[in-house]
Amino acid sequence: MVKANYSAWHINPKDFSNGWTDIEKLQFFARYAILAPSGHNTQPWQFQRRGESLVLGVNPQRELPFSGALAAEPYVSLGTCSETLRLAALGFGFGVDLYYKLDKKTEVETSVRGRLVPQPDLLKAIAERTSNRSLYKDKALPPELLKDIVKNEFNDLHVWRTRDKQSVDFLARQTKAATETIMSNAEFRAELSKWVRNNVTKQYDGMPAFTQGMPTPPSLIARHIIKHVNIAKGQAKTDAKRLKHSAEVILICVKRSGPKAYLDAGRLFARICVLAQSHGIASSGVGAAVIDPQAKQNVAEHFKLTEVPTALIRLGYATKKAKHTPRWPLEKVLT
Ligand SMILES: Cc1cc2nc3c(=O)[nH]c(=O)nc-3n(C[C@H](O)[C@H](O)[C@H](O)COP(=O)(O)O)c2cc1C
């Protein structure tokens, strides 16, 4: 039986009706949008109906007061959610406009624009995507396919990617150093521990410890361990190894830091992960080297980037399947 906190993943696309009003359609697309990846699985979004538009805003209770500013959150995660909604609409053959409102509150207003050729594979990919933290096979991705997956249509972003061993090793070293720095910080660990869950959790958000490969018995005290024990060295080694075992490493960089570019970065993040999934390619975000200010600067200097590295994604063919993480159902995040 599907547990309540995982039920959001089970959507029957046949329940969709072309005869619905725009707002009814958008609400159905939002069922897919909430499956988007988010930092620590905070799911910092909330939806509001406004006439025939559906507006995505930030849920202030799900922000990350300590690491949020460093990780461009909650904007990046609002971006992943918005783009997943747009991809779901495409899945059913509808275009959706995303209009950013960035004055007082950050909001993304979504409205149905018109008909397009349906791409049902996208729906399957959204519902199958997970962050897969396994080591990826030593097998390159087909170059033309990769080009399509990472195609950047945002003029405030720059996408930099590599599979060159020396460059990947450099990023792995930066990830290791950055993870050690971040995870040695008691405030960061205290915040992270609030989002770490045991493997049999009934909660609707956060990261069950199986996402980091932890079996159930120790997962029961994972939260306590993260908060009180400095596991920086072990985590740093693990993340560096993951990076080295990637077919391609992608940096999403912003030309000018700010909410708009961060939303776009999140959108591109989600698009890359979903498109990769639709071709059987695994993905996972590895944030440390773009969160820790020193590592971020080192990365930009080393690769002579004039833009600011904001998200890092590894892609490749997974060696293990990854399980889904919990989600709040749409009804709980829609007003
Ligand atoms: C911008 C961003 C950065 C992320 N950074 C990391 C990271 O540094 N390490 C990690 O293990 N997961 C990272 N993730 C993955 C999230 O933890 C994951 O999306 C969330 O737990 C939900 O799980 P799912 O992606 O499997 O649905 C990141 C996700 C996003 C959107």
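One is the number of the first residue; the rest follow in order along the sequence. Note that this is a predicted model, so its numbers are computed, not measured. Just follow the structure's listing: the first ligand is 1, and inside any ligand the first atom is 1.
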For atom 1 (C) of ligand 1, what is the closest protein heavy atom, and at what distance to 0.1 Å?
V76 CG1, 3.5 Å
Relative to atom 24 (P) of ligand 1, which among E73, Q235, R129 owns the nearest non-hydrogen atom?
R129
Does even one non-hydrogen atom of K323 get within less than 4.0 Å of ligand 1?
no
Regarding E24 and T21, is there a side-chain donor-to-acceptor distance under 3.5 Å anywhere?
yes
Taking atom 15 (C) of ligand 1 as the point of reference, which of G79, A178, S131 owns the nearest heavy atom?
S131
Within a distance under 4.0 Å of any heavy atom of N41, pick out the atoms of ligand 1 and give their elements.
20 (C), 21 (O), 22 (C)
Quick one: look up the protein heavy atom nearest atom 7 (C) of ligand 1 and list residue, atom name and how far away it is.
G285 O, 3.2 Å
More than 12 heavy atoms of other groups within 6.0 Å of N18 CG:
yes
Between the side chains of E180 and K237, is the shortest nitrogen-to-carboxylate-oxygen separation below 4.0 Å, so that they form an ion pair?
no
Give the atoms of ligand 1, by number and element, whose distance to some non-hydrogen atom of M207 is under 4.0 Å.
17 (O), 21 (O)
Of all the non-hydrogen atoms in the protein, which one sits nearest to atom 12 (N) of ligand 1, and at what distance?
R133 NH2, 3.2 Å
Please state which part of V286 comes within less than 4.0 Å of ligand 1, counting heavy atoms only: side chain, backbone, both or neither.
backbone
Face-on cation placement of K25 at F16 ring, 6.0 Å and 45° thresholds
no
Where is the nearest protein heavy atom to atom 27 (O) of ligand 1: which residue, which atom, and how far?
R327 NH2, 2.6 Å
Within the 4.0 Å heavy-atom cut-off, what P37 brings close to ligand 1 is both
Checking R189 against E191 for the salt bridge (charged side-chain N to carboxylate O under 4.0 Å, His left out) test, could you report, in this order, the C-alpha distance in whole Å, the side-chain angles of both residues, the deciding distance, and whether it holds?
CA-CA 5 Å; R189 289 208 313 278; E191 183 178 83; over 6 Å; no
Would you check whether S38 has a nitrogen or oxygen atom less than 3.5 angstrom from a nitrogen or oxygen atom of ligand 1?
yes
Close-contact set for ligand 1 against T130 heavy atoms, below 4.0 Å
26 (O)
Using heavy atoms and a threshold below 4.0 Å, how should the contact between S284 and ligand 1 be classified: side chain, backbone, both, or neither?
neither
Have a look at A71, G287, A270, G206 and point out the one with the heavy atom closest to atom 5 (N) of ligand 1.
G287
Cationic tip of R115 above F94 ring, under 6.0 Å, 45° of axis
yes
From CE (M207) to CZ (R133), nearest 0.5 Å:
7.0 Å
For atom 30 (C) of ligand 1, which protein heavy atom lies nearest, and how many Å away is it?
F269 CZ, 3.7 Å
Pair R327-N41, side-chain donor/acceptor within less than 3.5 Å:
yes
As an exercise, identify every atom of ligand 1 less than 4.0 angstrom from a heavy atom of Q212.
11 (O)
Any donor-acceptor N or O pair under 3.5 Å, side chains N132, S134
yes
Can you check whether Y6 and H324 have ring centres sitting under 6.0 Å from each other?
no
When you measure from atom 23 (O) of ligand 1 to every protein heavy atom, which one gives the shortest distance, and what is it?
T325 OG1, 3.0 Å
Taking the six-membered ring of Y317, is NZ or CZ of K139 closer than 6.0 Å to its centre and within 45° of its axis?
yes
